[in-house]
Amino acid sequence: MDYKAIEKKWQAKWEKDKLHNFDKKNVDKKFYVLEMFSYPSAAKLHVGHWYNYGPTDSYARYKKMKGFEIFQPMGFDAFGLPAENYAIKTGIHPQDSTIKNIELMENTLREMGAMFDWSNEIKTCMPDYYKWTQWLFLQLYKKGLAYRKEAPVNWCPDCQTVLANEQVIQGQCERCHSTVIQKNLTQWFFKITDYAEELLQGLDGLDWPEKTKAMQKNWIGKSVGGEILFRLENGEDEFKVFTTRADTVYGVSYVVLAPEHPLVKKITTKKQQPLVEKYVEDTAKTKEIERLSLDREKTGVFTGAYCINPVNGKKVPIWISDYVLYSYGTGCVMGVPAHDERDYVFAQKYDLPITRVVKGTTGSDNLPYVGDGVLVNSVDYDGLTCEEARKAILCDLAVKNEGGFKVNYRLRDWLVSRQRYWGAPIPVIHCEKCGAVPVPEQDLPVKLPYNVEFKPDGKSPLAKCDEFMNTKCPICGGKATRDPDTLDTFVCSSWYFLRYPDANNSKEPWNKETANKMLPVDKYVGGAEHACMHLLYSRFITKALRDMGYLDFDEPFKSLVHQGVILGPDGNRMSKSRGNVISPDDYVKEYGSDIFRMYLMFGFSYTEGGPWNDGGIKSIAKFLDRVEKIVTTVNGYKNNKVTAFERDEKELNYVRNYTIKSVDRDMEAFSFNTALARLMEYVSAIYKYDTKEVKNVAFMKDCVKDLVLLIAPCAPHFAEELWSIMGNKKSVFLTSYPTFDESALQKDEIELAVQLNSKVKAKIMVPGSADSQEIEKIALSDENVIKALDGKQVKKVIVIKGRLVNIIV
RNA sequence: GCGGAUAUGGCGGAACUGGCAGACGCGCAGGACUUAGAAUCCUGUGGGAGACCGUGCAGGUUCGAUUCCUGUUAUCCGCACCA
C-alpha cells in the first residue's frame with residue numbers, strides 16, 4: 001500500500017467532512033481527551049510529541065468508536081523564555097519566530113493524522129487569548145488572591161529573570177543551568193496557599209497515578225503540630241516556634257531563629273553584635289545555593305539573648321543558624337538535642353545541654369532518640385505517651401495563651417511576575433496617588449507592544465518602552481505607568497483547558513454553561529514532569545474560579561495518564577550534545593505515520609517508555625502488510641458460501657471474541673502494546689483458517705471486518721483505506737466498535753495443568769462445564785498422573801477452575 | 001539524607017485478584033520457494049545431556065510467590081536541613 005498517498009487522501013477527506021470537529025448536539029455523550037499542548041520552540045515535532053499525541057489519539061479514536069462524542073483540541077503554549085532567548089541570540093523577534101514555528105508545527109501535526117479539532121485552536125501569545133489571561137489575573141486580584149510583596153527571589157543572572165522556587169534545580173536555573181542568586185524585588189503572587197488544604201483533600205477523588213498524587217501531597221507538605229510562645233527574658237519581646245514535637249518541650253536547651261528574622265537585630269547583645277552581623281551578612285550573600293549543599297556543616301551564632309521556656313520557666317539561649325528557614329513555619333525552632341538529629345549535631349558542636357525527655361520502648365539508651373515512647377523528666381507529663389503528651393501540653397499552653405495547635409504547609413505562594421518581554425503583560429497601572437490600580441476590564445487586552453528592546457539588562461524590557469509604559473490612572477485620570485512585568489507562562493497554561501471548548505468566544509473567557517457541560521477533562525495525557533507545577537496550578541485556578549462563581553466543578557482533570565520517556569538508542573535522554581536524537585520525520589518519510597505511531601504503541605510500555613530501537617518498526621510494516629493481504633484476499637472471495645460451524649470455525653470464533661474482549665480492555669487502560677499483540681495473534685488465526693480447503697466465507701468476512709475495526713484506532717489511514725476497499729461508504733470511525741459474545745468464549749474442552757506437590761507433571765483435558773469434583777476425578781484417573789503418583793498416598797487435591805489441579809502427596 | 005518507582009531470556013516487553021513464568025515482537029538457527037539473493041512462508045529458540053534450575057540478592061508466609069511480608073543491593077525520578 002502506498003501509505004503516503006492514502007494518508008494525504010484521508011486527511012483531506014476527514015477535514016472536508018469535518019470528521020474531527022466536536023458536534024455540540026451530542027454534548028451528552030461528550031468525552032474530552034486532552035494532550036498537554038506544545039511549546040513551539042522548534043519547527044519539527046520530536047519523538048516526545050509523537051509519543052504523547054499518537055497513541056493518545058488512538059485512545060480517542062477508540063472512544064469515538066465506542067459511541068462517545070470526542071473533543072480533542074490542540075494549541076500552543078506560545079509565550080516563554082526560549083523564544084526570547086532565541087531572539088536575543090539571533091535578533092529575530094519572538095513574535096515572528098513563534099508564529100512561524102506554530103505554522104510549521106501545525107502542518108506536521110496534521111500529517112500525524114490525529115483527530116484534533118482545529119476549529120478550537122489556542123495560541124496563548126495572541127491578544128484574543130491573553131486578554132482573558134489578564135482577565136483571570138484581575139478576578140484573582142478582586143478576590144484577594146493576587147497580591148504584591150517584596151520578597152527575596154531567585155534571580156538568574158543569565159536569563160535576567162526571576163525564577164520560582166520550583167524552577168530552581170539544585171541552585172541552578174531550570175532552563176540555562178546558570179547559578180541562581182538572591183535578589184529583593186516587589187513581585188506579584190497568587191495565594192495558592194489559601195487552597196493548600198483543599199488541594200490536598202481533593203487528591204483522594206482523582207483517577208491519577210498514585211505516584212503523582214504522592215508527589216503533590218509531598219509538595220503541599222502538610223505538617224500537623226503546634227506553636228509555642230517563648231518570651232524574652234526582658235519581657236518585652238516574644239516569638240513563637242512551630243513544632244511537631246511539643247511533647248519534647250521539656251528537653252529544649254536552646255532556640256534558633258532564622259538569620260533573616262526581624263527580631264535578631266533587636267535582641268542581639270552588644271557583645272555578640274559583630275559576630276551576629278557577620279553571620280547574617282554571610283547568610284544573605286550565599287543563602288539558597290549554600291543551604292542546598294549536602295555535606296554542609298551546621299553553623300550558628302549565639303545572640304547573647306535568652307528567652308523563657310513557658311512550661312518550666314527555664315532560661316534558654318537564643319541562637320541563629322542558616323539551617324532555619326525564615327520562609328517556613330514561624331522562622332524559629334526550638335532545639336531539642338536529645339530527640340532530633342540536627343539539634344543533636346548542633347548541640348554537640350556548641351556544647352549545649354542534652355536532656356532526654358522521652359524513653360523509648362525498645363530500651364535502647366542511644367541519643368538522639370527520634371522515635372515515640374513515654375515521657376520522662378517532664379514533671380506532670382511524665383508517663384504519658386508522646387502522642388498524649390503532645391495533646392496535653394498544647395492544650396495546657398493554649399489555656400495560658402502561650403501556644404496551641406497549628407497546621408503548617410510547605411507549599412509557598414505562587415510568584416507570577418517575570419521581568420521578561422515575551423509574556424502576557426500584567427494588567428495593572430501604578431499611580432502615584434492611587435497606588436496599584438487594576439486595569440478596567442473593558443480596557444483589556446493590555447497589548448504587548450511589538451517594538452521593544454528585549455535584550456536583557458536587569459530591567460524589564462517593557463519598562464524601556466515609553467509608549468507602553470505611559471498611561472493615565474483609571475481612577476484619578478492623572479499620569480501613571482503600567483506594570484512593566486509579564487506573567488509566568490504557567491498562568492497561561494493554568495486555564496487553557498477551560499478556553500478550548502469555547503475558544504472563539506470574544507465576549508467572555510468561556511460560557512459558563514458550556515464549560516460546565518464540557519469539563520472536567522475526561523482524560524488528560526502528558527509528561528510526569530508537570531506533577532507539581534502545571535497540574536497543581538491548574539487545580540488551584542479551577543477551585544478559585546469555582547469560588548468566584550465562574551465554574552460549577554472543582555477539579556479540572558478527572559483522569560490523568562503520564563506517558564513515559566523515549567530515550568535515545570544508547571539508553572540516555574535524547575540530546576543534541578549526545579548526538580542520540582531520533583527524528584520522527586525520517587521514519588515517517590520511510591514508513592508513513594500509521595506505522596510510526598503503531599511502533600510507538602507496540603514497542604514500549606506506554607507509561608514507562610524506554611530506549612529507541614530500530615528493529616521493531618519493520619515488524620509493524622510487515623504486520624500491516626499481512627493485514628492488507630488477508631483483507632484483500634478475503635474480500636476477493638466471491639462465493640458467500642456458508643458452511644457448517646464446525647470445530648475450526650468455533651476455534652477462530654473463540655480467538656475473534658477473545659481478541660475483541662482483550663483489545664477493548666487494553667485500549668481503555670492505555671496498554672497499547674498488549675492490544676497490538678492480541679491483534680497479531682488474531683491475524684495469525686485468520687491466516688491459519690484461510691489455509692483450509694473448505695471455508696465458511698461469510699463468517700470469514702465477518703472476522704475480517706472486526707479485524708479492520710479493531711485496528712482502526714491504531715492505524716487510522718490504513719484502516720480507513722481497507723474499509724473503503726471493502727465497499728463501505730461511511731468512515732470506519734463512524735462505525736461502532738465490535739462487541740464480543742461471551743458464549744463464544746466458553747470452550748467445550750479446557751486444558752488444565754496437573755501439579756504434584758506444586759510441580760507441573762501432566763496436562764489433562766476437561767469439559768468446560770466440569771465442576772471441581774469432576775475435574776479431580778479426571779485428574780486422578782489420568783494415565784500420566786497415575787504414573788507420576790507412583791502409588792503415593794494423596795493427602796489433598798486443590799482444584800482451581802480454569803487454571804490447574806494441585807495434588808498434594 | 002528523605003520520598004517514590006523499577007529490577008523478568010541475547011534485546012523490547014507480557015503474566016487479570018497469589019495459580020502452567022517468558023504472551024507478542026526483534027534477533028538468531030534450520031527448512032521451503034529461487035539460477036542466486038531480497039522479500040515471503042513454515043519450524044525451533046530461558047539455562048542444562050539429564051533429574052532439575054530459573055523473575056536483582058538473602059530470608060519469611062502459603063498446597064502454590066514475578067505477584068504478599070522483612071531485610072538488602074543497583075538504577076532512575078522527585079525533593080533538598082520543613083522544625
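In what follows, chains carry the letters A, B, and so on, assigned in the order in which the sequence lines appear, proteins first and then strands, with residues in each chain numbered from 1. Quick caveat, the model's predicted, so the values are computed rather than measured. Both backbone and side-chain heavy atoms feed into the values below; hydrogens, waters and symmetry mates do not.
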**Student:** Can you tell me how far C1' of B:A83 sits from CG of A:Asp247, to the nearest Å?
**Tutor:** 13 Å

**Student:** B:A83, B:C63, B:C42: which one has an atom nearest the side-chain heavy atoms of A:Leu325?
**Tutor:** B:A83

**Student:** Pick the C1' atom in B:G4 and in B:A83, then give their distance to the nearest Å.
**Tutor:** 23 Å

**Student:** Between A:Asn408 and A:Ser223, do the side chains contain an N or O donor and an N or O acceptor separated by less than 3.5 Å?
**Tutor:** no

**Student:** State whether the side chain of A:Lys406 and the backbone N or O of A:Gly329 hold a donor-acceptor pair below 3.5 Å, judged by distance alone.
**Tutor:** no

**Student:** Glycosidic conformation of B:G44, syn or anti, with 90° from 0 as the boundary?
**Tutor:** anti

**Student:** Which value, in whole Å, describes the distance between the C1' atoms of nucleotides B:A15 and B:G60?
**Tutor:** 24 Å

**Student:** According to a strict under-4.0 Å criterion, is A:Lys759 in side-chain N/O contact with OP1 or OP2 of B:C53?
**Tutor:** yes

**Student:** Under 4.0 Å from OP1 or OP2 of B:C82: is there any side-chain N or O of A:Tyr409 that close?
**Tutor:** no

**Student:** Just to be sure I understand the rule, does A:Gly564 reach a base, reach only the sugar-phosphate, or reach nothing, if contact means heavy atoms closer than 4.0 Å?
**Tutor:** nothing

**Student:** Could you tell me the separation between the CG atom of A:Asn757 and the P atom of B:C52, rounded to a whole number of Å?
**Tutor:** 12 Å

**Student:** Base, sugar-phosphate, or nothing: which does A:Glu210 touch, judged by heavy atoms less than 4.0 Å apart?
**Tutor:** nothing

**Student:** Parallel, tilted or perpendicular: which fits the ring planes of A:Phe346 and A:Tyr254, with parallel below 30° and perpendicular above 60°?
**Tutor:** parallel

**Student:** From the list B:C63, B:C53, B:C82, which nucleotide is the closest neighbour of the side chain of A:Arg342?
**Tutor:** B:C82

**Student:** Is any side-chain N or O of A:Asn408 under 3.5 Å from a base N or O of B:C82, one able to act as donor and the other as acceptor?
**Tutor:** no

**Student:** For a quick check of understanding: with a heavy-atom distance under 4.0 Å over all strands, which category does A:Asn806 fall into, base, sugar-phosphate or nothing?
**Tutor:** base

**Student:** B:C76 P sits how many Å from A:Glu529 CD, rounded?
**Tutor:** 18 Å

**Student:** Could you measure between the two C1' atoms, the one in B:G22 and the one in B:U55, and give it in whole Å?
**Tutor:** 9 Å

**Student:** Between B:C24 and B:A14, how far apart are the two P atoms, rounded to whole Å?
**Tutor:** 14 Å

**Student:** Rounded to whole angstrom units, what separation is found between the OH atom of A:Tyr658 and the P atom of B:A15?
**Tutor:** 10 Å

**Student:** Which string of ( ) [ ] | and . matches RNA chain B, if you list each base 5' to 3' and count Watson-Crick or G-U pairs only when both distances are under 3.5 Å?
**Tutor:** (((((((..(((......[....)))((((((.......))))))((....))..(((((..]....))))))))))))....

**Student:** Do the side-chain N and O atoms of A:Asp343 and A:Tyr323 include a donor-acceptor pair separated by under 3.5 angstrom?
**Tutor:** yes

**Student:** Say you pick atom C1' in B:U70 and the same atom in B:U61; how far apart are they, in whole Å?
**Tutor:** 11 Å

**Student:** Between B:U67 and B:G9, how far apart are the P atoms? Round to whole Å, please.
**Tutor:** 15 Å

**Student:** Would you mind classifying the nucleic acid contact of A:Gly221 as base, sugar-phosphate or nothing, using non-hydrogen atoms under 4.0 angstrom?
**Tutor:** nothing

**Student:** From the options B:C20, B:C81, B:G13, select the nucleotide whose nearest atom is closest to the side chain of A:Val760.
**Tutor:** B:C20

**Student:** In terms of ring plane angle, is the pair A:Phe672 and A:Tyr606 parallel, tilted or perpendicular, where the classes change at 30° and 60°?
**Tutor:** perpendicular

**Student:** It should be established whether A:Lys761 places a side-chain nitrogen or oxygen under 4.0 Å from OP1 or OP2 of nucleotide B:C52.
**Tutor:** yes

**Student:** Would you measure the distance from the P atom in B:C82 across to the matching atom in B:U6 and give it in whole Å?
**Tutor:** 26 Å

**Student:** Can a donor-acceptor pair be found, under 3.5 Å and without considering hydrogens, that links the side chain of A:Thr659 to the backbone of A:Leu679?
**Tutor:** no

**Student:** On RNA chain B, does the nearest nucleotide to A:Met334 precede the nearest nucleotide to A:Ser758 from the 5' side, or the other way round? Give the residue.
**Tutor:** A:Ser758

**Student:** Return whichever of A:Ile808 or A:Arg626 has its heavy-atom-nearest nucleotide of RNA chain B closer to the 5' end.
**Tutor:** A:Arg626

**Student:** Expressed as a whole number of angstroms, how long is the span from A:Arg410:CZ to B:C2:P?
**Tutor:** 15 Å

**Student:** Aromatic contact between A:Phe302 and A:Tyr350, with the criterion being ring centroids under 6.0 Å apart: yes or no?
**Tutor:** no

**Student:** Examine distances only and state if a side-chain atom of A:His339 and a backbone atom of A:Val358 form a donor-acceptor pair shorter than 3.5 Å.
**Tutor:** yes

**Student:** Do any N or O atoms from the side chain of A:Tyr689 and from the backbone of A:Glu651 form a donor-acceptor pair under 3.5 angstrom?
**Tutor:** no

**Student:** Please report the distance separating the P of B:C33 from the corresponding atom of B:C42, rounded so that it comes out in whole Å.
**Tutor:** 15 Å

**Student:** Between A:Glu210 and A:Lys213, does any NZ, NE, NH1 or NH2 come within less than 4.0 Å of an OD or OE carboxylate oxygen?
**Tutor:** yes

**Student:** Strictly below 4.0 Å, N to O, side chains only: are A:Arg678 and A:Glu681 in salt-bridge contact?
**Tutor:** yes

**Student:** Which letters describe nucleotides 23-32 of chain B, given B = protein heavy atom under 4.0 Å from base, S = only from sugar-phosphate, - = neither?
**Tutor:** BBSS------

**Student:** For A:Leu804 and B:C63, what is the distance between atoms CG and C1' respectively, to the nearest whole Å?
**Tutor:** 11 Å

**Student:** Select base, sugar-phosphate, or nothing to describe what A:Lys661 touches, counting heavy atoms under 4.0 Å on all strands.
**Tutor:** nothing

**Student:** What nucleotide among B:A83, B:C63, B:C81 has an atom nearest to a side-chain atom of A:Val324?
**Tutor:** B:A83

**Student:** Is A:Thr244 close enough to B:C82 that one of its side-chain N or O atoms is under 4.0 Å from OP1 or OP2 there?
**Tutor:** no

**Student:** How is A:Lys796 classified with respect to the nucleic acid when contacts are heavy atoms under 4.0 Å: base, sugar-phosphate, or nothing?
**Tutor:** nothing

**Student:** Is A:Asp706 paired with A:Arg656 through a side-chain N to carboxylate O contact shorter than 4.0 Å?
**Tutor:** yes

**Student:** From CD1 of A:Ile686 over to P of B:C41, roughly how many Å is that when rounded to an integer?
**Tutor:** 15 Å

**Student:** Specify the separation, in whole Å, of atom CG of A:Leu536 and atom C1' of B:G78.
**Tutor:** 14 Å

